[in-house]
Amino acid sequence: MSRVQTPEQQPPASGGRKSLIGRLADWIFNSALWKSMYMNPYPRDRRTRGLAVLNSLFLHLHPGRISRQALTFRYTFGLGGTSFFMFIILTVTGIFLMFYYVPAVPQAYFSIEELETTVAFGQFFRNIHRWAAHAMVLLVFLHMLRVFYTGAYKPPRQFNWVIGVVLLVLTFLMSFTGYLLPWDQLAYWAVTVGTNMAGATPFVGDKLKFLLIGGYDINQNTLIRWYTLHVFALPLVAAVFMGMHFWRVRKDGFSR
Ligand code: HEM
């Protein structure tokens with residue numbers, strides 16, 4: 001396939017020598033490194049634009065063909081995308097926090113206190129993590145409302161709605177398991193109330209509560225269980241479901 005030239009690559013209308021920027025662009029766009037990363041010709045007509053969308057990891061979230069209206073900001077308010085952005089922020093700041101947090105009953109509270117008072121930018125990253133968690137819960141919920149009010153859950157998108165419900169539950173669980181980790185009074189009693197609610201589930205309540213707190217009382221067993229769920233198991237499962245969710249957005253085609 002012949003490469004279509006970028007505007008910088010085209011010979012100047014005057015027919016004279018190319019500018020320095022033009023020659024630099026030529027050098028970059030024709031280098032083996034550039035071609036190995038970006039295999040499309042320069043997008044300038046319907047076909048080459050379509051190719052650019054199909055072959056880009058980030059652009060291919062959208063179906064190959066999409067109505068102009070579906071791209072208007074007021075249709076989605078970017079709520080799904082910003083929910084995902086919060087997940088990325090939470091992952092990055094969460095990794096920073098993991099360098100200092102100790103998931104053991106005698107140290108958990110003090111490691112957070114140290115993070116707040118002595119670690120450089122510790123309080124900043126903790127607050128970003130906390131605010132992003134609140135924001136993600138809110139945004140995912142608003143995204144669900146948007147999908148409902150625009151009727152985007154109807155066939156053929158009903159399976160993606162179900163994946164979305166799983167993502168909603170996972171978002172709540174990620175938020176709730178993080179709540180215990182500071183091991184302060186607020187965390188302890190919130191988890192006591194939450195697991196007592198789980199204990200009221202008909203038939204399996206006792207077993208569920210036992211499973212959640214790792215025994216009969218909230219102690220080290222509970223902390224290590226919730227820590228593992230919070231930093232590893234739940235985000236991993238959520239990331240897999242998000243991958244499926246995005247894939248289906250693309251395959252089902254945008255509503256509207
Ligand atoms: C972690 C949570 C979630 C993330 C990151 C996410 C992300 C996305 C993104 C990026 C889109 C593309 C359009 C847009 O931005 O609105 C989308 C579409 C969609 N989402 Fe979600 N979503 C999440 C949760 C949910 C929930 C809770 C539901 C419903 C229960 C849901 C149902 C759908 C459906 C049906 C579509 C297709 C909408 C259309 O074609 O107009 N999602 N999601």
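The shown structure was predicted, so the numbers you read here are calculated from the model rather than taken from an experiment. For the single chain, residues carry numbers from 1 onward in sequence order. Counting starts at 1 for both ligands and their atoms, in listed order.
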Check your understanding: Are the aromatic ring centres of Tyr227 and Tyr101 under 6.0 angstrom apart?
Key -> yes

**Study point:** Backbone or side-chain N or O of Ser255 under 3.5 Å from ligand 1 N or O
**Key:** yes

Check your understanding: For ligand 1, is Phe246 a contact, meaning one of its heavy atoms is under 4.0 Å away?
Key -> yes

Review point. Taking atom types as modelled, is there a side-chain donor on Ser255 or Tyr75 under 3.5 Å from an acceptor on the other?
Key: yes

Study note, to complete from the structure: Protein-side N, O or S atoms sitting under 2.8 Å from atom 21 (Fe) of ligand 1 are His143 NE2, His245 NE2

Review point. Does Phe141 approach ligand 1 within less than 4.0 angstrom via side chain, backbone, both or neither, non-hydrogen atoms only?
Key: neither

Revision key, fill the gap. Counting from 1 in the order shown, the ligand 1 atoms closer than 4.0 Å to a non-hydrogen atom of Phe84 are 5 (C)

Review point. Looking only at side chains, do His60 and Asn55 share a donor and an acceptor under 3.5 Å apart?
Key: no

Review point. Which protein non-hydrogen atom lies closest to atom 16 (O) of ligand 1, naming both residue and atom, and how far is it?
Key: Arg146 NH2, 3.0 Å

Check your understanding: Taking side chain as C-beta onward, heavy atoms only, is Asn160 less than 4.5 Å from Val249?
Key -> yes

Practice item. Pull out every atom of ligand 1 sitting under 4.0 Å from any heavy atom of Ala152, numbered as shown with elements. Key: 35 (C), 38 (C), 39 (C), 41 (O)

Exercise for review: Give a yes or no on whether the ring-centroid distance for Trp183 and Tyr109 is below 6.0 angstrom.
Suggested key: no

**Study point:** Pairs satisfying ring-ring contact (aromatic ring centres under 6.0 Å, His included), at least one member in residues 111-142, at least two apart
**Key:** Phe96-Phe125

Study note, to complete from the structure: Nearest non-hydrogen protein atom to atom 37 (C) of ligand 1, with distance, is Arg157 CD, 4.2 Å

Point to revise | Test of ring centre spacing under 6.0 Å for Trp226 and Tyr179 | key: no

Practice item. Using a strict cut-off of 4.0 Å, indicate which atoms of ligand 1 neighbour a heavy atom of Leu168. Key: 27 (C)

Practice item. Run through Val191, Leu186, Thr192 and flag the one making a side-chain contact (heavy atoms from CB on, under 4.5 Å) with Tyr188. Key: Thr192

Exercise for review: Check whether more than 12 heavy atoms from other residues, nucleotides or ligands sit under 6.0 Å from atom CZ of Phe246, and answer yes or no.
Suggested key: yes

Review point. Heavy-atom distance under 4.5 Å between the side chains of Met174 and Met136, does that happen here?
Key: yes

Review point. Of all the atoms in ligand 1, which lie at a distance below 4.0 Å from a heavy atom belonging to Thr76?
Key: 14 (C), 16 (O)

Check your understanding: Of Arg248, Met242, Lys154, which has the heavy atom at the shortest distance from atom 1 (C) of ligand 1?
Key -> Met242

Practice item. Indicate whether the side chain of Ser19 and that of Arg23 have a donor and an acceptor atom separated by less than 3.5 Å. Key: no

Practice item. Check each atom of ligand 1 against the heavy atoms of Phe254 and keep those under 4.0 Å away; list them by number with element. Key: 12 (C), 13 (C), 40 (O)

